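All remarks here apply to the structure that follows.
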Amino acid sequence: ISASTGGPAREIFQAFIEDAFGENATLAEFQARAFSHVVGAAHKGKENHETVVVAAGTGFGKTEAFLFPVLYHALCVGLTTNWEDVKGTDALLIYPRRDLCTNQLERVVRYIVLLNRQIRLHERGDAECDEHNPTPGRLRATIAHGGVAQRGWRVRCPLCEEEIGR
């Protein structure tokens with residue numbers, strides 16, 4: 001994460017990366033380029049910015065290349081605004097196939113839980129697992145796809161290993 005993003009958001013997000021991937025973890029070069037381009041354009045208010053295309057093999061981290069700028073943007077908005085005043089949708093993730101959506105579900109939930117933990121550490125100094133009843137104002141996700149609406153979804157909490165979902 002470049003120094004140009006600065007402030008507490010940069011520190012929180014770097015701690016999240018290390019929490020998710022281990023100490024001294026860094027983004028892959030293509031992930032870092034995508035992150036810098038998307039976050040830089042968003043912070044400069046560019047409406048007509050260039051499109052970012054990420055191409056990499058299966059398992060190389062394309063999800064992180066598009067998801068991390070979205071999470072970082074939501075974090076920045078939350079830190080510069082009262083969390084309770086943040087309304088609306090910051091991102092809509094659309095997957096072309098149900099099996100891909102199901103595959104990505106646990107990963108996306110894990111990232112949101114871990115980033116919320118870093119926000120709590122920054123704001124309150126504790127990292128207790130309270131993700132099963134998240135307080136209003138932190139990063140949240142609404143998850144739906146074809147079969148999930150009827151049967152619900154379950155994933156393991158990365159903090160306490162209990163099943164969470166609906």
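In this text the structure is predicted, and so the values were computed from the model without any measurement.
The residue from F13, F66, F30 that alone fulfils the ring-ring contact (aromatic ring centres under 6.0 Å, His included) condition with F35 is F13.
A donor-acceptor pair under 3.5 Å is absent between the side-chain atoms of S36 and the main chain of R33, judged by distance alone. Under a 3.5 Å cut-off, the side chain of K62 and the backbone N or O of Q31 do not form any donor-acceptor pair. Of the possible donor and acceptor atoms, one in the side chain of R110 sits under 3.5 Å from a partner among the backbone N and O of A20.
Heavy atoms from other residues, nucleotides or ligands lying under 6.0 Å from CZ of F60 number 12 at most.
Of the inter-residue distances, the one linking Y111 atom OH with T63 atom OG1 reads 7.5 Å to the nearest 0.5 angstrom. To the nearest 0.5 Å, the span separating OG1 on T80 from CG on L75 amounts to 9.0 Å. Here the CG atom belonging to N116 is positioned 7.5 Å from the CD1 atom belonging to I112, to the nearest 0.5 angstrom. Once rounded to the nearest 0.5 Å, the distance linking CD of Q14 with CG of L27 reads 7.5 Å. To the nearest 0.5 Å, the span separating CG on L114 from CG on L71 amounts to 10.5 Å.
Residues A65 and A34 approach most closely at O-CB, 3.9 Å, considering heavy atoms. The minimum heavy-atom distance between E18 and A25, with the atom names listed, is CG-N, 4.2 Å.
Within the 4.5 Å cutoff, the side chain of E64 has no heavy atoms near those of the L67 side chain. For the pair I12 and L121, the minimum side-chain heavy-atom distance is 4.5 Å or more.
Taking the six-membered ring where the residue is Trp, F68 and F16 present perpendicular rings, their angle passing 60° and hence far from 30°.
Between the side chains of Q118 and D19, a donor-acceptor pair is found at a separation under 3.5 Å.
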